[in-house]
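This report refers to the structure that appears directly beneath it.
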Amino acid sequence: MADPCQSYRCVFVDFYFDTRWTRKYSHRCLHEEKAHEDFQSGCYSCFAETDCCVVFIMAEDMLMLNISNQDSTDSHFSERKHTKSSSGHKWTAKKTANGKRKASFGNQDYGSAKQRKLNAKISTKHEDQAASSFTSKPKTSPKIGQEEHKGHDRPFIKTSSLFRNNPEIPDVLSPAVTQVKEKVFTRNSFQELDLHPHLVATLNKVLNISSMTSVQKQTIPVLLSGKDAVVRSQTGSGKTLAYGIPLIQSLQAVQPKIKASET
Ligand SMILES: Nc1ncnc2c1ncn2[C@@H]1O[C@H](COP(=O)(O)OP(=O)(O)OP(=O)(O)O)[C@@H](O)[C@H]1O
């Protein structure tokens, strides 16, 4: 693909999503102040020719790189000028611009053409500010080597991220728990207990239960004798019937004060 940026001194490439969520690219020349929309997508590199403020490079799909302005005498920049970046160069560019990626994605526009125009205005404003920074005092730049790069400093883009600070999560101390292994079923049947025949028949025929579990064997006789009990047993071991059977048994033993024939 021919690089249309070659004819421009300063370029700005951004992308947005149209109404069908297809990514479109907006290529705008800063000096001409006109937009070239529907720019080519895909593997693409775009370099300013000389003293541009910020050059955005679309290295590959889903990756927006933000490369700062570089001196036109910079060999790295000169070598890559007017050429598509190779995969190796792209990898270098990725690593170099890793910290800037989010700032570039911050320029994403998911909205309408109206929103894109607004975005373009904002971008132009930023670029104007950037252009003024060339003539005025740079906002932020390291003191070391400041004189060397005087007049060539790019505007500082401060990038904030939620994901930069990942504090260590301390280990929560918890006591070691040894798993209880207990025998669930016994060979003892419900008929061994002093239960009402209807209740035993219901257990056998309706619930298809004949032998007691361990917790039932230990609990039911105690509760049938009228004592209180605090029972602890593993889940699914039959605690519900352990207190339910004595409960039904005690209800069946209650003599009704009024008989049906008397009503
Ligand atoms: N003696 C038994 N023989 C065969 N199955 C039984 C016996 N007693 C209970 N069950 C069945 O075992 C299953 C679990 O019983 P239950 O819900 O009473 O256990 P649990 O100890 O109360 O469980 P959780 O602790 O979760 O409340 C139920 O499907 C129940 O029908």
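Whatever order the structure lists ligands and atoms in, that order sets their numbers, starting from 1. Note that the coordinates shown come from a computational prediction; the quantities given were computed from them, not determined experimentally.
- Remark: among candidates S210, G238, S211, A242, the nearest residue to atom 15 (O) of ligand 1 is G238, based on non-hydrogen atoms.
- Regarding atom 9 (C) of ligand 1, its nearest protein heavy-atom neighbour is Q216 NE2, 3.7 Å.
- Of the protein's heavy atoms, at least one falls inside 4.0 Å of atom 4 (C) of ligand 1.
- Those atoms of ligand 1 that come under 4.0 Å of a heavy atom in L241, given as number and element, are 8 (N), 9 (C).
- Remark: minimum distance from atom 12 (O) of ligand 1 to any protein heavy atom is reached at G236 O, 4.2 Å.
- Heavy-atom contacts of Q234 reach the following atoms of ligand 1: 21 (O) (cutoff under 4.0 Å).
- E192 and R187 get closest at one heavy-atom pair: OE2-O, 4.5 Å.
- Of the protein's non-hydrogen atoms, the one nearest atom 25 (O) of ligand 1 is K239 NZ, 2.7 Å.
- Interface atoms of ligand 1 facing F185, defined by a heavy-atom separation under 4.0 Å, are 3 (N), 4 (C).
- Pairing each heavy atom of L195 with each of F190, the nearest pair is CD1-O, 3.8 Å.
- Counting only heavy atoms, the protein gets under 4.0 Å from atom 22 (O) of ligand 1.
- Applying side chain to side chain contact (heavy atoms under 4.5 Å, CB included) to L199 and the options L193, L251, I245 leaves one that passes, I245.
- Proximity to T213 (heavy-atom distance under 4.0 Å) selects the following atoms of ligand 1: 1 (N), 2 (C), 7 (C).
- Taking hydrophobic clusters as Ile, Leu, Val, Met, Phe, Trp and Tyr residues chained together by side-chain heavy-atom distances below 4.5 Å, V215 does not share a cluster with Y243.
- A pairwise comparison of heavy atoms in V222 and A229 identifies CG1-CB, 4.3 Å as the closest pair.
- Note that OG1 of T213 and CD of Q218 are 9.0 Å apart. Values are rounded to the nearest 0.5 Å.
- For atom 18 (O) of ligand 1, the nearest protein heavy atom lies under 4.0 Å away.
- The heavy atom nearest to atom 24 (P) of ligand 1, out of those in L203, T235, T240, N188, is found in T235.
- Here the closest heavy-atom approach between residue M212 and residue K217 is recorded as SD-CA, 4.1 Å.
- Among all heavy-atom pairs drawn from G238 and Q216, the shortest one is O-NE2, 3.1 Å.
- Both L203 and I220 are assigned to one and the same hydrophobic cluster, defined by single-linkage of ILVMFWY side chains at heavy-atom distances under 4.5 Å.
- When I245, L207, T186, I209 are ranked by how near their heavy atoms come to atom 7 (C) of ligand 1, first place goes to I209.
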